[in-house]
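Single-structure report; data block below.
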Amino acid sequence: MSLVLPTLLCLGLCLRQSTQEQKGSLPPPHITALPGSMVGSKNPVTILCRGPAEAEVYMITKVGIPEPSDREKQLMSKMTNSFSITDMTPDRAGLYHCSYQSGGSWSQFSDPLPLVMTGAYDKPSLSSMTGSVVASGENVKLQCFSTLKFDAFILIKEDGYRTIQNQISTHQGYKHEAFFFLYQVSFTQTGTYRCYGVFSRYPHVWSHPSDRLQLQVRAPLAEASDDPDPTNPEPSPARTGEMKEPAAWYPSAENQVRLSLAGLILLVLGMLLAEAWYSRNMPFNGHRQPPGAQYI
């Protein structure tokens with residue numbers, strides 16, 4: 001069963017081969033869609049092909065149809081470099097490319113432009129298995145699911161409608177689902193996400209978008225401190241009344257010298273006091289005088 005990405009890759013390779021086989025050596029133009037390449041059902045869109053100032057005529061075609069002959073190119077080409085679709089329908093969705101003519105030669109084809117129609121099927125549901133508020137560096141797991149048997153789901157971030165991931169759906173109970181993983185998220189991944197369901201047979205025809213999922217990436221929690229911090233859930237010991245363990249005190253080298261000198265002075269004073277006391281209680285001949293004795 002073909003899938004979204006393999007289908008796009010195959011079409012891209014076919015386009016590259018067709019580009020290499022054509023005889024034109026002029027540089028390719030640039031193709032874009034206004035207001036965007038994702039178009040709701042029945043909404044208008046304009047495909048714009050931008051070439052150099054020397055371009056004489058332009059040709060915008062859909063990838064997958066046989067390459068027109070030189071005469072057919074002349075009939076299909078126009079002086080204008082745009083192609084408007086007033087009502088977007090599934091048959092208008094697909095890959096487009098364009099080329100221009102200058103000096104009698106045709107340019108190479110532009111890169112393919114995927115034109116997607118949304119709103120063809122009921123919307124899926126999108127939820128976060130890890131919450132909508134996560135810390136920077138954490139992993140996020142998103143789930144997209146539907147009761148319809150979609151072959152794949154596509155995750156979109158709404159800042160420019162960039163395709164983030166597409167995943168094959170799996171059957172789980174009454175629903176089909178797919179999981180999207182965002183690893184080690186950063187603040188740049190804060191934003192609004194949606195998912196779409198798609199069938200592999202029509203890779204450019206998508207469902208209605210899911211409801212918006214707002215993902216907020218915040219800074220990691222700071223370590224506990226003595227200062228009040230409303231973002232810190234763990235109160236410090238000073239705020240809870242808990243006694244802190246006293247920090248060890250180590251005297252400096254200067255204080256160690258002072259303490260040593262003070263101890264030495266106390267030792268000398270003690271020795272002097274002991275000697276004075278001993279001399280006071282002993283006679284000159286070295287014997288202790290008994291109490292009440294008199295010298296004649």
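Between Tyr96 and Val63, every side-chain heavy-atom pair lies at or beyond the 4.5 Å cut-off. In this structure, the side chains of Val39 and Val116 stay at 4.5 Å or more apart for every pair of heavy atoms. Side-chain contact between Met117 and Pro90 is present, with at least one heavy-atom pair separated by less than 4.5 Å. Side-chain contact between Leu182 and Val134: absent, with no pair of heavy atoms (C-beta onward) separated by less than 4.5 Å. A 4.5 Å side-chain heavy-atom check between Glu158 and Arg212 finds at least one atom pair inside the cut-off. Here the side chains of Leu126 and Leu142 are in contact, with some heavy-atom distance below 4.5 Å. Residues Ser210 and Ser125 are not in side-chain contact: their nearest non-hydrogen atoms beyond the backbone lie 4.5 Å or more apart. Within the 4.5 Å cutoff, the side chain of Tyr174 has heavy atoms near those of the Thr147 side chain.
Here Ile31 contributes atom CD1 and Arg50 contributes atom CZ; the two are 10.5 Å apart, rounded to the nearest 0.5 Å. One distance of note links NZ of Lys157 with OG1 of Thr192; it measures 8.0 Å at 0.5 Å rounding. The structure places OG of Ser82 at 10.0 Å from CD1 of Ile47, a figure rounded to the nearest 0.5 Å. The distance from the CZ atom of Phe179 to the OG atom of Ser169 is 11.5 Å, given to the nearest 0.5 Å. In this structure, CE on Met59 lies 5.0 Å from OG1 on Thr61, to the nearest 0.5 angstrom. Here the SG-NZ distance, from Cys144 to Lys175, works out to 10.5 Å after rounding to the nearest 0.5 Å.
Under the 3.5 Å distance criterion, with hydrogens and angles disregarded, a donor-acceptor pair is assigned to the side chains of Gln143 and Glu177. Side-chain contact annotation: Gln167 with Gln165, donor-acceptor N/O pair under 3.5 Å present.
Phe145 and Val140 fall into different hydrophobic clusters, where Ile, Leu, Val, Met, Phe, Trp and Tyr side chains are chained together by heavy-atom contacts under 4.5 Å. Under the 4.5 Å side-chain heavy-atom criterion for ILVMFWY residues, no single connected hydrophobic cluster contains both Leu115 and Leu48.
Using a distance-only test at 3.5 Å, with no hydrogens or angles considered, no donor-acceptor pair links the side chain of Thr86 to the main chain of Pro44. Lys62 places a side-chain N or O within donor-acceptor distance of the main-chain N or O of Ala93, the cut-off being under 3.5 Å.
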* Would you check, one step at a time, whether the test side-chain hydrogen bond (donor to acceptor under 3.5 Å, both in side chains) holds for His208 with Thr118? => CA-CA 6 Å; His208 283 282; Thr118 62; over 6 Å; no
* Check against side-chain contact (heavy atoms from CB on, under 4.5 Å), Val198 and Ile154 -> CA-CA 8 Å; Val198 62; Ile154 299 173; 4.1 Å; yes
* Apply side-chain contact (heavy atoms from CB on, under 4.5 Å) to Ser37 and Leu113, showing your working. => CA-CA 8 Å; Ser37 60; Leu113 170 71; 4.2 Å; yes
* side-chain contact (heavy atoms from CB on, under 4.5 Å) assessment of Phe83 paired with Thr46 -> CA-CA 6 Å; Phe83 171 66; Thr46 298; over 6 Å; no
* To do: Could you give me the CA-CA distance, side-chain angles and deciding distance for Tyr121 and Leu148, then say whether side-chain contact (heavy atoms from CB on, under 4.5 Å) is met?
  => CA-CA 9 Å; Tyr121 322 110; Leu148 297 180; 4.1 Å; yes
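The shortest heavy-atom contact between Ser99 and Pro29 is CA-CG, 4.0 Å. For the pair Val185 and Ala135, the tightest heavy-atom approach, listed with the atom from each and the gap, is CG2-O, 3.9 Å. Heavy-atom minimum distance, Ser132 versus Gln214: CB-O, 3.4 Å. Closest approach of Glu54 to Ser102, counting heavy atoms only: O-OG, 3.1 Å. For the pair Cys98 and Ile60, the tightest heavy-atom approach, listed with the atom from each and the gap, is CB-CG1, 3.8 Å. Contact record, Pro114 with Leu95: CA-CD2, 3.5 Å, taken as the closest heavy-atom pair.
For the ring-ring contact (aromatic ring centres under 6.0 Å, His included) with Trp206, the lone residue among Phe150, Phe153, Tyr196 that qualifies is Tyr196.
Between Tyr58 and Tyr100, the angle of the ring planes lies from 30° to 60°, which puts this pair in the tilted group.
Under a cutoff of 6.0 Å and an axis angle of 45°, Lys141 and Phe180 do not form a cation-pi pair.
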